[in-house]
There are 2 protein chains.
Amino acid sequence: MEKYKQFGFKLTPQRLAILNYFNGNKEHPSADDIYRAVSKSFPTMSFATVYNTLEALRNKGNVLELTIDPNKKRYDPNTMPHHHLICVKCKRIIDIHKEFSVSVSEDMTQGFDLIGNHIEFYGVCPKCKSIALS
Amino acid sequence: MEKYKQFGFKLTPQRLAILNYFNGNKEHPSADDIYRAVSKSFPTMSFATVYNTLEALRNKGNVLELTIDPNKKRYDPNTMPHHHLICVKCKRIIDIHKEFSVSVSEDMTQGFDLIGNHIEFYGVCPKCKSIALS
DNA sequence: CTCTTGACAAGAATAATTCTAATGTTATAA
DNA sequence: TTATAACATTAGAATTATTCTTGTCAAGAG
């Protein structure tokens, strides 16, 4: 049976391992993080598979690509609308689950159709604060 | 006279050209955009100079590095606090000058010290809307 | 004039990501 | 059961943005 037709997504062991790694993950991992984690159980895992899977998941709307980190893309398996708080030192990202009303008047949007928004909060995490002291 | 000591920044012709290109620029250009534009008047311009100048300006707080575009960094010479509206199709970025009150409660910040925030609005620009119709 | 400092240019090096081509897997149709 | 079609996987090459290295240059200080 084409059991994956429901998803349009074949559930291979590699993909399951990636999904499993994502499940409940709040770390906003990079492709490299995912590659390294999943390589433990699948030593032949390749980056192509990681990126292919990420793109498939992204098309299905099951993962978000974050452009928060200047060096690399991060991925967020939590697709509920939420915002992020980023440590400017270690780049750790935590979720902010709260609705903000940030309406913009027509004359500011210059004819754009608005789709959504995302707030990035910047700060220093407890760990980096304590390092700064020493 | 070390006329640049005021800035800690030597005003060379190349840098002036970059600053000139930035002046009043609302396009949020990439390093490549800058390189191409300034190359017209300085054919020997190198990327090293572009990136060095950008880093110097960034350290002086005269330019912001935007991590909005997944493919490359964009630079914003407008350092007044403001937000951005991004066309999800062509990646054009326009400024949103408005203050929003987006306060977050202590229990959401997990011990982070908050520094600031930045809102990204997503939408479709008029040009891309009209292309979509055809 | 000479020395020091910082800037410039060219290209090499790096890092993240995407692409390519060959091979492997699986589910169904014959 | 076997062949086939469709899709996944892999390794590595290619690409792209950025950073680094090295040698050269120019301006100002002494």
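Letters A, B, ... are given to chains in the order of the sequence lines, protein chains preceding strands, and every chain is numbered from 1. Side-chain atoms are counted along with the backbone in the values below, which use heavy atoms only and exclude waters and symmetry mates.
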| field | Nucleotide nearest A:Tyr51 (side chain, heavy atoms from C-beta), chosen from C:dA16, D:dT10, D:dA8 | value | C:dA16
| said: Go nucleotide by nucleotide along DNA chain C from the 5' end; which of A:Asn52 and A:Ser30 gets its closest nucleotide reached first? | reply: A:Ser30
| field | Out of D:dA8, D:dT10, C:dG11, whichever nucleotide has its closest atom nearest the side chain of A:Arg15 | value | D:dA8
| task | Taking the side chain as every heavy atom from C-beta outward, state whether B:Leu85 and A:Asn117 have any atom pair closer than 4.5 Å. | result | no
| B:Leu11 CG - C:dG6 P separation (whole Å) | 16 Å
| Atom NZ of A:Lys10 to atom P of C:dA27: distance rounded to whole Å? | 8 Å
| Of all the choices, C:dA7, C:dT17, D:dA11, which nucleotide is nearest to the side chain of A:Lys72 once you look at every atom? | C:dT17
| message | Of the options D:dT10, C:dT17, C:dA9, whose atoms approach the side-chain atoms of A:Lys73 most closely? | response | C:dT17
| query | B:Arg92 and B:His28: side-chain contact (heavy atoms from CB on, under 4.5 Å), yes or no, with the steps? | reply | CA-CA 8 Å; B:Arg92 189 156 77 93; B:His28 312 83; over 6 Å; no
| request: Decide if atom NZ of B:Lys98 counts as having more than 12 heavy atoms of other residues, nucleotides or ligands within a radius under 6.0 Å. | output: yes
| field | Shortest side-chain distance from B:Ser46, nucleotide among C:dA7, D:dA8, C:dA10 | value | C:dA10
| query | Quick one: A:Leu54 CG to C:dT18 C1', roughly how many Å, whole number? | reply | 13 Å
| With sugar-phosphate meaning primed atoms plus P, OP1 and OP2, does A:Thr49 contact a base, only sugar-phosphate, or nothing at under 4.0 Å between heavy atoms? | base
| task | Figure out the CG/P separation between B:Leu16 and C:dC8, and round it to whole Å. | result | 10 Å
| query | Tell me: CZ of B:Phe9 to P of C:dA7, nearest whole Å? | reply | 8 Å
| field | Enclosure of B:Lys127 NZ (heavy-atom neighbours >12, cutoff 6.0 Å) | value | no
| request: Using atom NZ of B:Lys60 as one end and atom P of C:dG6 as the other, report the distance to the nearest whole Å. | output: 15 Å
| task | Answer with yes or no after comparing the ring centroid distance for B:Phe100 and B:Phe121 against a 6.0 Å cut-off, counting only values under it. | result | yes
| task | By nearest nucleotide on DNA chain C, pick out whichever of B:Phe47 and B:Gln14 is the more 5' one. | result | B:Gln14
| query | How close or far is atom P of D:dT9 from atom CE of A:Met45, stated in whole angstroms? | reply | 7 Å
| request: Tell me which of B:Glu65 and A:Thr12 sits closer to the 5' end of DNA chain D, going by the nucleotide each one is nearest to. | output: A:Thr12
| said: At 4.0 Å (heavy atoms only), tell me whether B:Asn71 reaches a base, stays on the sugar-phosphate, or touches nothing. | reply: sugar-phosphate
| Whole-Å distance separating the CZ atom of B:Arg74 from the P atom of D:dA17 | 12 Å
